[in-house]
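Start at 1 with the first residue, then count along the sequence. All ligand and atom numbering here is 1-based and tracks the order in the structure.
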Amino acid sequence: MDQDRLPDPLLARLAALRAADLPVRGGRTMAYVYDSGLAGLDELAAAAQAAFAGVNGLDMTAFPSVVTLENDVVAQTARLLGGGPGTAGTFTSGGTESCLLAVLTAREHARAARGVTAPELVLPVTAHAAFHKAARLFGLTVVSVPVDPATFRVRAQDMAAALSERTALAVVSAPSYAHGVLDPVAEVAAAAAERDVLCHVDACIGGWHLGHLRLAEGHGTTAPFDLSVPGVSSLSVDLHKYAYTPKGASVLLFRDAALRRHGWFAHASWPGYPVVNATLQGTKSAGPLAAAWAVLQRVGTAGYVRLAERVHAATARLTDGIGRIDGLRVLGAPDASLVAVASTDPALHPFVLADEMRLRGWYLQPQPAFGGSPANLHLTMTAAAADPDRVDALLAELAAAAGRARRAGPPGVDPALVELAAALDPATLGPAEVALALEAAGVAADGALPARMAPVLAVLEALPAALTERLLPEVVSRLYAV
Ligand SMILES: *Cc1c(COP(=O)(O)O)cnc(C)c1O
């Protein structure tokens with residue numbers, strides 16, 4: 001076998017496939033990816049990941065290294081985010097799995113501790129979609145709580161009023177994904193504790209950043225949001241976001257091991273090996289855990305504090321600069337490193353602005369209008385994008401793109417189409433109606449999307465959410481045609 005030549009065509013093919021993707025490094029993709037900009041960090045992470053790729057976290061007695069690595073990573077996370085002597089935690093594959101496990105654990109706890117058989121999950125409307133997924137998978141009823149239309153924070157009294165003897169878990173975000181603002185964690189946690197209800201803090205995206213930012217010298221204190229807050233029973237924080245580790249890394253902290261135990265699965269009633277699963281996965285590569293361990297050690301607390309300070313300053317510069325661009329405004333007052341940019345001019349539509357930016361090599365993530373939140377673009381600021389010059393370059397691009405978007409005008413949506421769609425019952429739509437609806441929205445038969453997404457997004461935004469939820473899987477199903 002020719003070791004030198006054999007892999008080349010395969011690696012070349014993979015590289016060619018990647019060329020069509022958004023870049024994951026360089027700071028111009030302002031959602032989905034996190035770039036520390038630190039020299040050598042990716043190489044270290046890749047080596048650690050490769051060394052542990054084949055190690056199976058399913059069985060910690062066969063692979064005791066995973067116990068050491070996980071205990072180290074969880075301990076470092078607990079120290080940062082208000083853990084005490086009894087704190088317990090679990091390393092998971094990502095934010096969604098952490099949120100799913102928080103809900104599953106709370107459901108089991110509510111059944112065992114309070115006899116709750118028809119559990120409810122109390123969520124601000126701004127809570128991450130992962131909690132709705134958890135409710136669906138684990139059979140909880142969602143109780144949705146509106147947020148303040150100006151600040152996009154939930155009001156503690158509204159959360160308190162939504163709690164009942166059926167509530168398994170109340171959730172707050174620190175911060176929310178869509179607007180980057182902190183819910184009133186302490187007030188909601190206190191109201192939950194008063195009723196003996198568990199309270200989860202979703203710090204998936206902001207926890208690592210805010211936890212280090214408050215250690216920075218001269219930084220005004222962030223409102224308390226972590227496990228040290230009375231009444232907070234669990235907290236999720238993604239390492240594959242602001243800890244800049246490779247994807248597949250999150251931590252779910254619990255106030256104690258007894259609570260954590262409610263979410264575990266043990267099984268000895270089959271002829272195979274005895275099973276204990278702390279997560280939803282069975283076989284799991286220790287690669288992401290080893291990579292996270294290595295990155296956490298290498299960057300260290302002082303390193304993360306510096307990264308958080310840079311990101312914080314850049315977010316302030318960006319927020320301030322956007323406010324000066326004619327026709328644009330920032331929604332709410334961002335508490336962390338996430339910014340939602342809306343328009344003040346009906347001629348300037350955020351989706352058209354996103355298309356204009358994408359044509360110039362910047363990805364800003366469209367967020368359709370929902371409730372009191374108008375259509376906007378989401379920007380995640382990361383360290384690699386945080387130099388003042390880079391922020392100024394982004395602001396200049398935004399100003400120029402806003403001018404072009406305004407001249408192009410907003411995407412037109414045929415009112416007759418919307419009226420027709422509103423009359424459809426998503427539950428009974430047949431394949432022919434689905435095909436017609438997608439064609440009307442501008443989606444090709446093979447699922448291919450046009451270069452300019454604004455017209456498609458505008459149609460989707462105008463449809464009832466239940467219909468969109470019926471149509472989106474059809475689009476994706478066309479892509480995965482096999
Ligand atoms: C990213 C995120 C999640 C889900 O995490 P994934 O890692 O994408 O599965 C949950 N909550 C918030 C606030 C997030 O930003």
Ligand 1 atoms in contact with Cys204 (distance to a heavy atom under 4.0 Å)
2 (C), 3 (C), 10 (C), 11 (N), 12 (C), 14 (C)
Relative to ligand 1, is Ala130 under 4.0 angstrom through side chain, backbone, both or neither, heavy atoms considered?
neither
Would you mind telling me which of Thr90, Val237, Asp238 makes a side-chain contact (heavy atoms from CB on, under 4.5 Å) with Ser250?
Asp238
As an exercise, identify every atom of ligand 1 less than 4.0 angstrom from a heavy atom of Tyr177.
15 (O)
Please report whether ligand 1 has a polar contact with Asp202, defined as an N or O pair separated by less than 3.5 Å (distance criterion only).
yes
Tell me whether Glu97 is salt-bridged to Lys133, with the criterion being a basic N under 4.0 Å from an acidic carboxylate O.
no
Asp202 and Ser173: side-chain donor and acceptor closer than 3.5 Å?
no
Measure the CZ-OG distance between Phe52 and Ser285 for me, rounded to the nearest 0.5 Å.
10.0 Å
Protein heavy atom at shortest distance from atom 2 (C) of ligand 1:
Lys241 NZ, 2.4 Å
Using a 4.0 Å cutoff against the non-hydrogen atoms of Thr96, which atoms of ligand 1 qualify?
4 (C), 5 (O), 6 (P), 9 (O)
Ser176 to ligand 1: N or O pair under 3.5 Å?
no
Salt-bridge present (Arg358, Asp355; N to O < 4.0 Å)
no
Is there a donor in the side chain of Ser337 and an acceptor in the side chain of Thr315, or the other way round, less than 3.5 Å apart?
no
Side chain or backbone, does Gly95 bring an N or O within less than 3.5 Å of an N or O on ligand 1?
yes
Reported OG1-to-CG distance for the pair Thr126 and Asp183, which is rounded to 0.5 angstrom
5.0 Å
Hey, is Lys247 one of the residues with a heavy atom under 4.0 angstrom from ligand 1?
no
Using a strict threshold of under 4.0 Å (side-chain N to carboxylate O), is an ion pair present between Arg360 and Glu356?
no
With heavy atoms and a 4.0 Å threshold, my read on which part of Glu97 contacts ligand 1 is neither
In ligand 1, the atoms that come under 4.0 Å of a heavy atom of Asp238 are 1 (C), 5 (O), 7 (O)
